[in-house]
Amino acid sequence: MNIEKHINTAPQTWPSARTEPLFAALAALPRPAWILFFGTFLNKFGTFVVPFLALYLTGKGFTVDQAGLAIAAYGVGNLLASILGGHLADHIGRRKTIVLSMFSGAAMMLLLSQARNFPAILLFTMLTGLTNEFYRPASSALLADVVPPERRITAFATLRMAFNAGFAFGPATAGFIAALGFVWLFVGDAATAALYGLVALLALPAGPQATSENAGWGPALSILRRDRKLHQLLLANFAIALLFCQLASTYGLYLTHRGFSTTTYGLVLSLNGVLVVLFELPLTTLTRKFPARRVMAVGYVLIALGFTLNARAHTIPGLVGCMLIFTFGEMITMPTFMAYLAGLAPAEMRGRYMGVSGLTWSSALIIGPALGMKLLTLNPNLYWIICASLGLFAAAIISGRERPTCENQNIP
C-alpha cells in the first residue's frame, strides 16, 4: 500500500454530517464504538490518583517541588507511552495494545501505592504513566477505524462524553475516599483499569495492522516530517496542553492554599466532566457546520479566558463561572481536534499519528506542572499572564494560513 498518496485527502467537513440529526448519528455508530465508550467510562471513573497526586505527596511530607517532579515523572512515562502506544497500535493491533496497557497499568498502580522513598516514587510514577497511558493511541485509532469520516466528530464527542462521565464521578468520589485513606485511591484505580482490560479482551475487534514494510517508525517519520498541517496542529495543541495540565497540578494547590478544601477541588473538576456529558454532544450539531480550524481557534481562546479568570475568583460561584467558560471552550474544540487529526492520517499509520499527537500532551505534562508551581510561587501575576498567552498563541497558530502538504488537498 502506498501510504504517502493517502495523506491529507480525507474531508474535514461533511455535508451529510451537517444536517443529520444527533440521535440518527448516534444510532448509526457501530457496536465496537460503543464498547470503546463503555470501557473508557469504566477506566476514567477510576482515575483517582493522578488529580490528587500532588496533594498525596505533600500530605506525606514531601515538598511542593518534589510533588512537581513526581508529576513530571508521570509525564515522562506518558511521553514514552505515546511513542510505544502508537507503534504497538499499528504493529500488534489496537485491541492487544489496550489490553496490555490496562493490565500492566493496574499492576504499576499497586506498586506505586507501596513506594515510600522519593526515588521509588519517581520510578513507579514514571512506570505508571507509561503503562496507564499507552492504550490511548490505540483507542483513538480504533474508533477512527470503525467510524466513517462523516460521523467522527460525533464519535469523538461521544468518546469524550464517556471519558468525562467517568471523570465527573471519579474525582468527586476520590475526594471522599481520600478522607478514608489515600491507599484506597490506588486500589480503586487499579481495579477499574483491570476491568477495562477484560472488557477490551473479550469484546473489541483487533483493528488493522501495518504491513511489515511500513510498521516501523522510520517510514512514519518520513511522512510526518512533510505533513505541515500536522505540524501546525501539534504546535497549537502543545500550547493548549501546557494550560490544560495546570488543572491536575498547580490548580489544586492554588485552591487549597486559598483555603478551599480538597472536596471543593474535586467537585469543581467534576463539574467540568458533568458539563461535557450534558452539552458536548448537542454542541457538535452546531460546531460540525463550521470549518474545523476556526472552531478550534475559538475554543482555545475560551479555554485561556476561563482558566485565567481564576486569578480573580475568590468564591465557589466564581470558581464555577471560570470552569463554565473553560469547559465551553473545551467542548467546542476537542471533538473537532480529534476528528481533524484522524482525517489527516492514513489507516495504517493512524496509531502513530495519534501517538505523535499524544507527545504534545506528554511533553506538556513534563514541563507544565513543575514550571507552573514554581511560577505561581515566585510571581503569581506572571503565571496568569503566561496561561492567558498560551491560549491566544494556540488560537493564532491554528487560525493562521493553512500550509498544504501536497497537491491533493481538500481539508478546509
Side-chain angles (χ1 to χ4, degrees), residues 12-13 153 156-157 160 163-164 229-251 254 268-269 271-276 278-313 317-341 344 357 360-361 363-365 367-368 371-372 375-376 380-403 411-412:
Q12 297 303 307
T13 57
I153 289 180
F156 280 109
R160 281 177 42 79
F163 181 102
N164 284 281
K229 290 183 178 181
L230 179 66
H231 301 165
Q232 290 176 310
L233 188 66
L234 294 181
L235 182 58
N237 195 50
F238 175 69
I240 211 68
L242 286 171
L243 181 54
F244 255 93
C245 71
Q246 302 304 308
L247 282 179
S249 55
T250 311
Y251 182 61
Y254 170 74
V268 171
L269 286 186
L271 174 63
N272 172 269
V274 170
L275 291 171
V276 169
L278 294 177
F279 298 113
E280 184 167 288
L281 261 175
L283 275 175
T284 63
T285 62
L286 176 64
T287 57
R288 66 191 181 189
K289 297 178 182 179
F290 299 98
R293 292 161 69 96
R294 293 180 190 174
V295 170
M296 286 186 278
V298 172
Y300 290 154
V301 171
L302 291 174
I303 288 168
L305 177 64
F307 187 76
T308 307
L309 285 175
N310 280 293
R312 302 299 180 189
L319 297 177
V320 169
C322 292
M323 187 57 75
L324 287 172
I325 298 171
F326 180 95
T327 306
F328 186 74
E330 177 187 354
M331 289 189 294
I332 68 175
T333 299
M334 294 306 169
T336 304
F337 168 85
M338 293 303 300
Y340 186 89
L341 175 64
L344 292 179
S357 174
T360 61
W361 292 95
S363 301
L365 188 58
I367 299 169
L371 182 60
L375 276 174
L376 188 63
N381 289 332
L382 180 61
Y383 171 78
W384 294 111
I385 290 171
I386 290 175
C387 287
S389 299
L390 287 170
L392 296 177
F393 175 75
I397 290 295
I398 205 64
S399 61
R401 186 175 66 86
E402 198 167 11
R403 303 167 62 190
I411 301 179

Strictly distance-based, threshold 3.5 Å: is any side-chain N or O of [X] a donor or acceptor partner for the main-chain N or O of [Y]?
| X | Y | answer |
| --- | --- | --- |
| Y300 | G329 | no |
| T285 | P282 | yes |
| S363 | T360 | no |

Calculate, to the nearest 0.5 Å, the distance between atoms [atom1] and [atom2] belonging to [X] and [Y] respectively.
| X | Y | atom1 | atom2 | answer |
| --- | --- | --- | --- | --- |
| R293 | F337 | CZ | CZ | 12.0 Å |
| R312 | W384 | CZ | CH2 | 10.5 Å |
| T308 | I385 | OG1 | CD1 | 10.0 Å |
| N272 | E330 | CG | CD | 4.5 Å |
| I153 | K289 | CD1 | NZ | 12.5 Å |
| C387 | L309 | SG | CG | 11.5 Å |

Do [X] and [Y] have side chains that get closer than 4.5 Å, going by heavy atoms?
| X | Y | result |
| --- | --- | --- |
| Y251 | L319 | yes |
| L234 | S357 | yes |
| F156 | Y340 | no |
| F279 | V276 | no |
| L242 | F238 | yes |
| W361 | F244 | yes |
| L233 | M296 | yes |
| T336 | F290 | no |

Item checked: Full working for side-chain contact (heavy atoms from CB on, under 4.5 Å) between L390 and I240 -> CA-CA 6 Å; L390 287 170; I240 211 68; 6.0 Å; no

Next item on the list: Look at atom CZ of F328 and say whether more than 12 heavy atoms of other residues, nucleotides or ligands are closer to it than 6.0 Å.
Entry: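 Counting neighbours around CZ of F328, 12 or fewer heavy atoms of other residues, nucleotides or ligands fall under 6.0 Å, so no.
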
Taking all atoms of both residues into account, what is the closest heavy-atom pair of [X] and [Y], and its distance?
| X | Y | answer |
| --- | --- | --- |
| T333 | V295 | OG1-O, 4.2 Å |
| A297 | S399 | CB-CB, 3.9 Å |
| L243 | A304 | CD2-CA, 3.6 Å |
| C245 | A364 | SG-O, 3.6 Å |

Next item on the list: Return yes if a side-chain donor-acceptor contact under 3.5 Å exists between Q246 and Y383, otherwise no.
Entry: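 Side chains of Q246 and Y383: pair found under 3.5 Å.
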
Next item on the list: Apply side-chain contact (heavy atoms from CB on, under 4.5 Å) to L305 and F326, showing your working.
Entry: CA-CA 7 Å; L305 177 64; F326 180 95; over 6 Å; no

Next item on the list: Tell me, with the steps shown, if L230 and L341 meet side-chain contact (heavy atoms from CB on, under 4.5 Å).
Entry: CA-CA 8 Å; L230 179 66; L341 175 64; 3.7 Å; yes

Check: Can M323 and L247 be said to form a side-chain contact (heavy atoms from CB on, under 4.5 Å), step by step?
Finding: CA-CA 10 Å; M323 187 57 75; L247 282 179; 4.2 Å; yes

